[in-house]
Amino acid sequence: MNDYRKEVYQLMLTTNRCIGVYYEIAKEMGIKENTLLLLDILSDQKQHSQKQICEDWHIHKTTLNTIIKECVSAGYIILLPQKQSKEKLISLTDSGQVFADKVTRKMKKAVQHAMEKIQNEFSTDFIAIFEKYVEYLEYEYKKNG
């Protein structure tokens, strides 16, 4: 049986470097990393539930709650009631969209150029491969954990 520690270590280092770039962008923009993430998520101009954001992005509910409260106070987001649910939907206000565009501009530009280079040199198949790796990892952890 192969020992994949070296490969997994390299994968984790690379993932952490990627997260570090987002941290540096948030720091430069004067906001928290998770605030940058939330504003980027909401900048698609759709409504999102807190539950869905927590599940999809693995942000702890209390962390997201804090960020939401800060953004509501700043006038960047609004909480909208859902029919037949106590949970509210989260959406950017007009000023929130302007702010989100401002703080995510540098990140989106860097992402766009990086992905164009990847597409030209290789392909974006690595995304599907990485998703499959995580799917297998979750399955194996739950099966053997």
Side-chain angles (χ1 to χ4, degrees), residues 4 7-145:
Y4 292 104
E7 289 84 354
V8 171
Y9 183 73
Q10 187 62 42
L11 183 63
M12 296 309 296
L13 280 175
T14 304
T15 301
N16 284 333
R17 282 182 55 209
C18 182
I19 292 166
V21 172
Y22 289 98
Y23 172 80
E24 290 299 321
I25 293 168
K27 184 176 165 186
E28 182 179 316
M29 298 311 298
I31 61 174
K32 297 173 186 173
E33 182 180 3
N34 284 323
T35 302
L36 177 68
L37 177 60
L38 178 62
L39 292 172
D40 187 42
I41 292 166
L42 297 176
S43 71
D44 67 1
Q45 300 180 343
K46 295 179 183 173
Q47 298 172 351
H48 299 265
S49 74
Q50 181 174 343
K51 181 181 178 190
Q52 196 61 51
I53 292 171
C54 289
E55 288 174 4
D56 290 348
W57 294 91
H58 292 271
I59 300 173
H60 197 275
K61 188 175 181 177
T62 56
T63 300
L64 187 58
N65 247 340
T66 300
I67 295 165
I68 289 170
K69 286 178 184 176
E70 291 170 354
C71 288
V72 167
S73 291
Y76 297 143
I77 65 173
I78 188 168
L79 302 176
L80 305 165
Q82 284 190 77
K83 294 178 183 175
Q84 303 167 346
S85 174
K86 287 194 276 184
E87 188 171 13
K88 296 187 178 181
L89 293 174
I90 307 162
S91 183
L92 287 174
T93 62
D94 290 341
S95 63
Q97 187 67 52
V98 170
F99 183 68
D101 290 343
K102 176 185 168 193
V103 298
T104 62
R105 184 176 301 124
K106 189 171 190 174
M107 175 187 72
K108 288 179 177 178
K109 189 174 182 179
V111 165
Q112 181 67 30
H113 291 301
M115 289 303 292
E116 285 171 356
K117 289 178 181 180
I118 288 293
Q119 184 65 46
N120 290 336
E121 291 179 42
F122 306 100
S123 78
T124 55
D125 290 346
F126 75 96
I127 297 167
I129 294 166
F130 190 65
E131 286 175 337
K132 188 53 81 172
Y133 167 73
V134 173
E135 181 183 314
Y136 290 153
L137 181 63
E138 287 173 334
Y139 171 79
E140 292 299 327
Y141 173 73
K142 288 175 183 173
K143 180 179 90 175
N144 297 318

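Computation of the quantities below employed the complete heavy-atom set of this structure, encompassing side-chain atoms and omitting hydrogens, waters and symmetry-equivalent molecules. Treat the numbers as computed from the prediction; the structure is a model and nothing was measured.
The distance from the OG atom of S91 to the CD atom of Q45 is 8.5 Å, given to the nearest 0.5 Å. If you take NE2 on H48 and CD1 on I90, they are separated by 8.5 Å, rounding to the nearest 0.5 Å. With rounding to the nearest 0.5 Å, the separation of CG in D125 from CD1 in I118 is 11.5 Å. Note that OH of Y23 and CD of E28 are 12.5 Å apart. Values are rounded to the nearest 0.5 Å. Of the inter-residue distances, the one linking H58 atom NE2 with T63 atom OG1 reads 14.0 Å to the nearest 0.5 angstrom. Interatomic distance, CG of L137 versus CD of E140, reported as 8.5 Å (0.5 Å rounding).
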Would you check, one step at a time, whether the test side chain to side chain contact (heavy atoms under 4.5 Å, CB included) holds for H60 with C54?
CA-CA 6 Å; H60 197 275; C54 289; over 6 Å; no
As a quick check of understanding, evaluate side chain to side chain contact (heavy atoms under 4.5 Å, CB included) for D40 and Y22, giving each step before the final call.
CA-CA 11 Å; D40 187 42; Y22 289 98; over 6 Å; no
Assess whether side chain to side chain contact (heavy atoms under 4.5 Å, CB included) is satisfied between L79 and L89, documenting all intermediate values.
CA-CA 6 Å; L79 302 176; L89 293 174; over 6 Å; no
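Looking at V21 and M107, their side chains never come closer than 4.5 Å, going by heavy atoms from C-beta outward. Two residues are said to be in side-chain contact when any heavy atoms from C-beta on lie closer than 4.5 Å; L11 and Y4 fail this criterion. Contact annotation: the side chain of I68 approaches that of L38 to within less than 4.5 Å [non-hydrogen atoms, C-beta and beyond]. Side chains of Q50 and K61 form a contact here, defined as non-hydrogen atoms less than 4.5 Å apart. Within the 4.5 Å cutoff, the side chain of L92 has heavy atoms near those of the L39 side chain. Between L64 and N34, every side-chain heavy-atom pair lies at or beyond the 4.5 Å cut-off.
The two atoms that bring S43 and K108 nearest to each other are OG-NZ, 3.0 Å, heavy atoms only.
Looking only at distances, a side-chain donor or acceptor of E87 sits under 3.5 Å from a matching main-chain atom of K51. Although no hydrogens or angles enter the test, the distance criterion places a donor-acceptor pair under 3.5 Å between the side chain of S49 and the main chain of Q52.
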Under 3.5 Å, side-chain donor or acceptor atoms of residues 69-78 against the rest of the protein: list the pairs with distances, not counting sequence neighbours.
{"residue": "E70", "atom": "OE1", "partner": "K32", "partner atom": "NZ", "Å": "3.2"}
{"residue": "E70", "atom": "OE2", "partner": "K32", "partner atom": "NZ", "Å": "2.7"}
{"residue": "S73", "atom": "OG", "partner": "K69", "partner atom": "O", "Å": "3.1"}

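A donor atom on one side chain and an acceptor atom on the other are not found under 3.5 Å apart for N120 and E116.
Partners of E7 according to the salt bridge (Lys or Arg N to Asp or Glu O under 4.0 Å) rule, which considers only residues two or more places apart in sequence or in another chain, do not exist here.
Shown are I129, I127, V134; of these, the side-chain contact (heavy atoms from CB on, under 4.5 Å) with E131 is made only by I127.
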